[in-house]
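A, B, ... follow the sequence lines: proteins, then strands. Residue 1 opens every chain. The basis for the numbers below is simple: all heavy atoms, side chains too, and nothing from hydrogens, waters or symmetry mates.
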Amino acid sequence: NAGVTQTPKFQVLKTGQSMTLQCAQDMNHEYMSWYRQDPGMGLRLIHYSVGAGITDQGEVPNGYNVSRSTTEDFPLRLLSAAPSQTSVYFCASSYQVGTSGRPPYEQYFGPGTRLTVT
Amino acid sequence: AQKVTQAQTEISVVEKEDVTLDCVYETRDTTYYLFWYKQPPSGELVFLIRRNSFDEQNEISGRYSWNFQKSTSSFNFTITASQVVDSAVYFCALSEVNSGVYQKVTFGTGTKLQVIP
């Protein structure tokens, strides 16, 4: 059981480049989300998904796309990278309802991806 | 819209002192969950506690305790006899639940706690 995995751990992009941050979980969690963490700003929600095929915008969705074709994977796409997207990105997942005695809604976080856009 | 305010940006205490981290939230929903997470210097996010809006009982877990007061929309976190290993950034978070479906989670800006030996 690997939990929530994110790749890559570090990435440097040039302005205008596109890339995809990968996120996968092996806990059969219905809910997945992406956050960005910037100094003094806490964690801000970019996009989230309550199940396969369903996604919605969070607080700061501009410049990012997501899709959820499977329960396990929730990739985050940067369409045209900008220096303002320099940040640490966290993916998280959780159960929607209690499953096998586990509590719902507690989010499990991946280790993060540190992205620098020059 | 939901909002979480952690007014204390940074706190420094001497080891063995007690410290309380404040969290004030805003929501129009009657059903919601509150959380505390810890982010040590290594960077990972660690879940500490979850509390739903219908359970106002305070909780104690070892040196940690949480005081949930709906009347003041607060969910404060106290560390008793602080230790250097408690040094971290602590986040309070709020999620609304609509018909049993987990909705988006809002985090506060975090409080950085430094415990000085």
Legend entry - Joint cluster assignment, B:W66 & B:V24, ILVMFWY side-chain distance < 4.5 Å: no

Legend entry - Under 4.5 Å from a heavy atom of chain B, the part of A:E59 involved: neither

Inset, instruction - Please tell me if the side chains of A:F109 and B:Q39 come closer than 4.5 Å, counting only heavy atoms from C-beta onward. - result: no

Inset, instruction - Pick one of side chain, backbone, both or neither for A:L45, based on which atoms fall under 4.5 Å of a heavy atom in chain B. - result: side chain

Legend entry - Toward chain A, the part of B:Q6 with a non-hydrogen atom under 4.5 Å: neither

Legend entry - Flag if over 12 foreign heavy atoms under 6.0 Å of CZ, A:R114: no

Inset, instruction - Residue by residue, scan residues 107-117 of chain B and write down, ordered by number, those that have a heavy-atom distance under 4.5 Å to chain A; if none do, write 'none'. - result: B:F107, B:G108, B:T109

Inset, instruction - Measure the spacing between CD of B:E44 and CZ of A:F90 and express it to the nearest 0.5 Å. - result: 8.5 Å

Legend entry - In one Ile/Leu/Val/Met/Phe/Trp/Tyr side-chain cluster, 4.5 Å: A:F74, A:Y108: no

Legend entry - Joint cluster assignment, A:Y89 & A:V66, ILVMFWY side-chain distance < 4.5 Å: yes

Legend entry - More than 12 heavy atoms of other groups within 6.0 Å of B:K70 NZ: yes

Inset, instruction - Assess whether side chain to side chain contact (heavy atoms under 4.5 Å, CB included) is satisfied between B:V105 and A:Y35, documenting all intermediate values. - result: CA-CA 10 Å; B:V105 182; A:Y35 296 88; 3.3 Å; yes

Legend entry - Test log, rule side chain to side chain contact (heavy atoms under 4.5 Å, CB included), inputs A:Q107 and B:Y37: CA-CA 10 Å; A:Q107 292 199 87; B:Y37 287 86; 3.3 Å; yes

Please tabulate, for side-chain N and O atoms in residues 14-25 of chain A, each donor-acceptor pair with protein atoms closer than 3.5 Å (sequence neighbours left out).
| residue | atom | partner | partner atom | Å |
| --- | --- | --- | --- | --- |
| A:T15 | OG1 | A:T118 | O | 2.7 |
| A:Q17 | OE1 | A:K14 | N | 2.7 |
| A:Q25 | OE1 | A:M27 | N | 3.0 |
| A:Q25 | OE1 | A:N28 | N | 3.1 |
| A:Q25 | OE1 | A:H29 | N | 3.1 |
| A:Q25 | NE2 | A:H29 | O | 3.0 |
| A:Q25 | NE2 | A:T71 | O | 2.9 |

Inset, instruction - Spell out, yes or no, whether A:L76 and A:Y48 are grouped together once hydrophobic residues are joined by side-chain heavy atoms under 4.5 Å, including indirect joins. - result: no

Legend entry - Spacing of OH belonging to A:Y31 relative to OG belonging to B:S95, to within rounding of 0.5 Å: 7.5 Å

Legend entry - Verify same cluster id: B:F91, A:V60 (apolar side-chain graph, 4.5 Å): no

Legend entry - Spacing of CZ belonging to B:F35 relative to OG belonging to A:S94, to within rounding of 0.5 Å: 7.5 Å

